[in-house]
Protein chains: 2
Amino acid sequence: MVTPRERARERTMAEIRALAWKQVEELGAPALSLRAIARDLGVVSSAIYRYVASRDDLLTALLVEGFSDLAEAADAAEAAVPADAYRERWLAICRAMRAWALERPAAWGLLYGGPVPGYFAPQQETSPPGTRVLLRLAAAILEAKAAGRLEPKVGPAAGISQVSPQQRLALEAISADRGVPVDAELVALGILGWTAVLGVISSEVFEQLGPDGAPAVALLADIQFESIADAVGF
Amino acid sequence: MVTPRERARERTMAEIRALAWKQVEELGAPALSLRAIARDLGVVSSAIYRYVASRDDLLTALLVEGFSDLAEAADAAEAAVPADAYRERWLAICRAMRAWALERPAAWGLLYGGPVPGYFAPQQETSPPGTRVLLRLAAAILEAKAAGRLEPKVGPAAGISQVSPQQRLALEAISADRGVPVDAELVALGILGWTAVLGVISSEVFEQLGPDGAPAVALLADIQFESIADAVGF
DNA sequence: CACAACTGTGAGCAGTGCTCTTGCGGACGG
DNA sequence: CCGTCCGCAAGAGCACTGCTCACAGTTGTG
């Protein structure tokens, strides 16, 4: 039983989220203003607090929504690739992440940029959607490994350097927490890939390569993903 | 001829910058408040504007100072390593960057995190100090290559994938702009290393790996630098 | 129908960046 | 040595922010 009131409330909530995204994408995450949303909504400023407890509360909601949206884009891209084309699955996710980030740079900044001042994300809420993409990438690596189709080119997994015993213990404990027991070398490899991908995308989105560095990163993005895939061993 | 007045002014300026850094490191970059600085300085709020034109102006000054400080830390670390130990030079810079970032997380966020809302860095001012570290890393690669001591393990430079003709043209134009003509494969490799290093450090500093992901990244940071060095071909 | 829950109003507090006018005091030229 | 002038600080003020609270109106329900 859904009353008209509930329907109206839900519509208002959706409108608030939409306006909030608009603000974030136009002016950046910390410029998010509840009063401005109220104005756009044609309502007095204090009325907003009937719908959202605080600015941080709204920010958390956006964060969760953003992570979920990104994860769904990645999932969709991955689903379009045969399950046994491990490298292509991994690359498809990377490319989907990049496309999403370029389409919504401020949203990417909200998710993976520096922390918003004074705001600390409640990890119990943001963590599940926030790790979805990472887990998909990890799954591609694990499945490739299980199928004997992974030949890492760098790091300990390639036999170049070594994971110390303490590191091994700590890493295996962490992956066991996640429910998927894997060996330390693979965890190291997965995290290397993840951080490298984040670095590639963030460098492009945040324009961290000096004046005319941006076009270079743009040109190279796909080559970089391929290179990381090489390194991981696909 | 330096008047006492100028000395006093310079002292006040330095104090303002110090207080500003303190605020940035305690509360984050966008929480930087000129009024708060004035309070700490024991002066009325408007007096600050005798020293700094605007909040953005101060932010730019901090940005330049931060980049320079980081670059000097990196230079010092590199100088402690023999010039022909290319891999170690490159690793020393990476480790210095990470140490600096962990020591001053908010400062790292200011330099390499998402852009501060509403603030657009004047690239002509921030770019020269901002690219110093990148150029040092690039120099290590170039010199290693010249000495015949570089064997890339991934990407086009390893012959795995290819740089398209248009990409080659664009990349060589860009590196020519910088004054150092190098071939496209090396540029791709250098940028790959740079973005990967940024990704590793930012992931750790910004805690982007979920709840207990941070310790894993911390444990792995050095292994990741080694792996990236492997990939680049040191 | 009456009561209760929900929604919107407007005033108000404390904080922000930034501008403007006013006045003080040290530095400098005659 | 004195008067002028300029650098500095003060304080009021504008427009904005998040957030709270007492109040009024509307709507749903026992």
Side-chain angles (χ1 to χ4, degrees), chain A residues 1-17 19-20 22-24 26-63 106 110 115-122, chain B residues 1-17 19-20 22-24 26-63 106 110 115-122:
Chain A
M1 175 63 191
V2 25
T3 73
R5 208 167 220 176
E6 280 170 348
R7 296 172 50 83
R9 182 177 182 85
E10 195 44 54
R11 260 196 348 186
T12 308
M13 289 273 237
E15 199 166 353
I16 288 177
R17 278 195 299 268
L19 288 172
K22 189 159 157 276
Q23 278 196 26
V24 167
E26 281 174 4
L27 296 161
L32 179 64
S33 157
L34 294 187
R35 283 181 120 107
I37 293 177
R39 264 195 305 276
D40 291 1
L41 213 59
V43 95
V44 91
S45 72
S46 58
I48 285 290
Y49 293 88
R50 299 285 166 198
Y51 296 91
V52 12
S54 70
R55 209 189 88 111
D56 284 10
D57 190 65
L58 179 55
L59 226 34
T60 302
L62 293 187
L63 217 47
L110 180 59
V116 179
Y119 167 71
F120 293 95
Chain B
M1 173 66 189
V2 29
T3 74
R5 218 172 208 162
E6 280 170 347
R7 297 171 50 83
R9 183 180 180 83
E10 194 44 55
R11 260 195 348 185
T12 309
M13 289 275 236
E15 199 167 353
I16 288 177
R17 278 195 298 269
L19 288 172
K22 189 158 158 277
Q23 276 196 27
V24 168
E26 280 174 4
L27 295 161
L32 179 63
S33 158
L34 294 187
R35 283 180 120 103
I37 293 177
R39 262 196 307 276
D40 292 1
L41 213 59
V43 96
V44 89
S45 73
S46 58
I48 285 290
Y49 293 88
R50 297 284 161 193
Y51 297 92
V52 21
S54 70
R55 209 188 89 111
D56 285 9
D57 189 65
L58 180 54
L59 227 34
T60 302
L62 294 187
L63 217 47
L110 179 59
V116 179
Y119 166 71
F120 293 95

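Values below: all heavy atoms of this structure, side chains included; hydrogens, waters and symmetry mates excluded. In what follows, every chain begins at residue 1, and chains take the letters A, B, ... in the order their sequences are listed.
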inquiry  = I'd like to know if the side chain of B:Glu15 reaches the main chain of B:Leu41, judged simply by a donor and an acceptor atom lying under 3.5 Å from each other, with no hydrogens or angles considered.
reply    = no
ask   = From the list C:dG8, C:dC18, D:dC19, which nucleotide is the closest neighbour of the side chain of B:Ser45?
value = C:dC18
request  = Specify the residue among A:Ala53 and B:Ser46 whose closest nucleotide of DNA chain D lies further upstream toward the 5′ end.
outcome  = B:Ser46
query = Under 4.0 Å between a side-chain N/O of B:Arg9 and OP1 or OP2 of D:dC8, yes or no?
reply = yes
inquiry  = Between C1' on C:dG8 and CZ on A:Arg39, what's the gap in Å once rounded to a whole number?
reply    = 17 Å
inquiry  = Rounding to an integer number of Å, can you tell me how far B:Gln23 CD sits from C:dG15 P?
reply    = 14 Å
inquiry  = If you assign B:Val44 and A:Ala36 each to the DNA chain D nucleotide with the nearest heavy atom, which residue ends up on the more 5' nucleotide?
reply    = B:Val44
key: Within-4.5 Å side-chain heavy-atom neighbours: A:Arg7 and A:Arg11   = no
message = Does any part of the side chain of A:Leu62, heavy atoms only, come nearer than 4.5 Å to the side chain of A:Leu32, both counted from C-beta?
response = yes
request  = Quick one: label B:Leu32 by what it contacts on the DNA or RNA (base, sugar-phosphate, nothing), any heavy atom closer than 4.0 Å.
outcome  = sugar-phosphate
request  = Round to the nearest Å and state the distance from A:Ile16 atom CD1 to C:dG8 atom C1'.
outcome  = 13 Å
query = Roughly, in whole Å, what's the span from CZ in B:Arg50 to P in C:dC18?
reply = 15 Å
query = Can you tell me how far P of D:dT17 sits from CZ of A:Arg35, to the nearest Å?
reply = 6 Å
ask   = Can you name the nearest heavy-atom pair linking B:Ala38 to B:Val44, along with the distance?
value = CB-O, 3.8 Å
For atom CG of B:Leu58 and atom C1' of C:dC18, their distance in whole Å = 14 Å
ask   = Does any N or O donor sit under 3.5 Å from an N or O acceptor when you compare the side chain of A:Ser54 with the base of D:dG18?
value = no
For A:Ile37 against A:Leu19, the heavy-atom pair lying closest together = O-CD1, 4.0 Å
request  = Starting from P on C:dG26, measure out to CZ on B:Arg7 and report it in whole angstrom.
outcome  = 18 Å
ask   = What nucleotide among D:dC19, C:dG17, D:dA10 has an atom nearest to a side-chain atom of B:Ala47?
value = D:dA10
ask   = Of all the choices, C:dC18, D:dT17, C:dT16, which nucleotide is nearest to the side chain of A:Ser33 once you look at every atom?
value = D:dT17
request  = Mind calculating the distance between CD (A:Glu6) and P (D:dT27) to the nearest angstrom?
outcome  = 16 Å
B:Tyr51 side chain, from C-beta outward: closest of D:dC8, D:dC19, C:dT16 = D:dC8
